[in-house]
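No experiment lies behind these values; they were computed from the predicted model shown.
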Amino acid sequence: MHKSRLAGFIIDCQTQDLDASARFWGAALGMRHEAGPEAAEALYRRLATAADDLHVEVQQVSHQSRVHLDIETDDIEAEARRLEALGARRVAAVGTWVVMEAPTGHRFCVVRVQRGDFAANANIWP
């Protein structure tokens, strides 16, 4: 048995100026932006949300700009298998997460738990 739920949205931006992109999306959505504390997060800017809200991030990418969602889980492998059974396919393992593609062609990521209220509010899967 494992748990999962929608964690948030990532705004993928094919850009050389991530801060400008984050400023735009922050202003458009009424959220301030902040750089991540880790060096690996140099490609991300988190838009401020409440601790139990969905996370929204702006990410610098080399592929075409798009929006993707993250599904947070306490068992990445079990969740990836569940989603494959629904028709998704694995695209790549990146760091601690798995990039997947829905039967509709939409990309999304299966990630570790992101929010503190996860255990109380996630879906439970056999």
Side-chain angles (χ1 to χ4, degrees):
M1 180 170 27
H2 76 282
K3 296 181 177 185
S4 70
R5 70 175 179 177
L6 177 64
F9 298 91
I10 312 300
I11 303 167
D12 295 340
C13 299
Q14 186 181 45
T15 182
Q16 294 303 311
D17 191 346
L18 184 58
D19 286 319
S21 297
R23 281 192 302 274
F24 169 81
W25 283 109
L29 299 173
M31 303 171 169
R32 73 177 191 285
H33 74 281
E34 48 203 36
E38 299 176 13
E41 292 184 350
L43 299 178
Y44 296 88
R45 297 296 180 269
R46 182 177 290 271
L47 301 183
T49 59
D52 59 348
D53 278 347
L54 295 174
H55 71 258
V56 179
E57 296 178 21
V58 179
Q59 176 183 8
Q60 184 177 21
V61 297
S62 58
H63 58 71
Q64 189 173 19
S65 295
R66 61 184 177 220
V67 175
H68 77 265
L69 59 87
D70 283 354
I71 296 174
E72 64 182 330
T73 182
D74 57 2
D75 187 331
I76 291 175
E77 182 58 30
E79 182 64 3
R81 284 192 311 267
R82 184 184 79 81
L83 294 163
E84 286 173 321
L86 295 173
R89 70 174 186 87
R90 291 178 202 230
V91 174
V94 180
T96 59
W97 64 92
V98 175
V99 179
M100 300 195 73
E101 186 173 275
T104 56
H106 296 89
R107 295 278 173 102
F108 61 98
C109 295
V110 178
V111 302
R112 294 180 296 184
V113 173
Q114 303 291 304
R115 295 178 283 161
D117 66 341
F118 174 84
N121 294 306
N123 299 299
I124 300 172
W125 308 107

Exercise: identify the closest heavy-atom pair between Leu29 and Leu47: CD1-CD1, 4.0 Å

Within a strict 4.5 Å, meaning less than it, do heavy atoms of the Phe108 and Leu83 side chains meet? yes

Atom of Trp25, atom of Cys13 and distance for their closest heavy-atom approach: NE1-SG, 4.1 Å

Tell me the closest heavy-atom pair linking Trp97 and Cys109, and the distance in Å. CD1-SG, 3.9 Å

Quick test of your reading: applying salt bridge (Lys or Arg N to Asp or Glu O under 4.0 Å), list the pairs with at least one residue in residues 117-126, sequence neighbours left out, ordered by first then second residue. Arg5-Asp117

Can you find a heavy atom in the side chain of Val91 that is under 4.5 Å from one in the side chain of Met100? no

Might you point out which heavy atoms bring Leu54 and Leu6 nearest each other, and give the distance in Å? CD2-O, 3.5 Å

Distance only, no hydrogens: is a donor on one side chain within 3.5 Å (strictly under) of an acceptor on the other, for Ser65 and Gln14? no

For the residue pair His2 and Pro126, establish whether any side-chain heavy-atom pair is separated by less than 4.5 Å. no

Under a 4.5 Å cut-off applied to non-hydrogen side-chain atoms, are Arg82 and Thr73 in contact? no

Correct closest heavy-atom pair for Lys3 and Ile124 would be CE-CG1, 3.8 Å

State, yes or no, whether a side-chain contact exists between Arg115 and His55 at a heavy-atom distance under 4.5 Å. no

Please report the C-alpha distance between Glu84 and Arg90 in whole Å, then the side-chain angles of each, then the deciding distance to 0.1 Å, and finally whether the salt bridge (Lys or Arg N to Asp or Glu O under 4.0 Å) criterion is met. CA-CA 8 Å; Glu84 286 173 321; Arg90 291 178 202 230; 2.8 Å; yes

Return yes when atom CZ of Arg66 has more than 12 non-hydrogen atoms of other residues, nucleotides or ligands closer than 6.0 Å, and no otherwise. yes

So the salt bridge (Lys or Arg N to Asp or Glu O under 4.0 Å) pairs with at least one residue in residues 47-64 (sequence neighbours excluded) are Arg46-Glu57

Answer yes or no: is there a side-chain heavy-atom contact under 4.5 Å between Ile10 and Leu69? no

So do the side chains of Phe9 and Asp70 get within less than 4.5 Å of each other, counting heavy atoms only? no

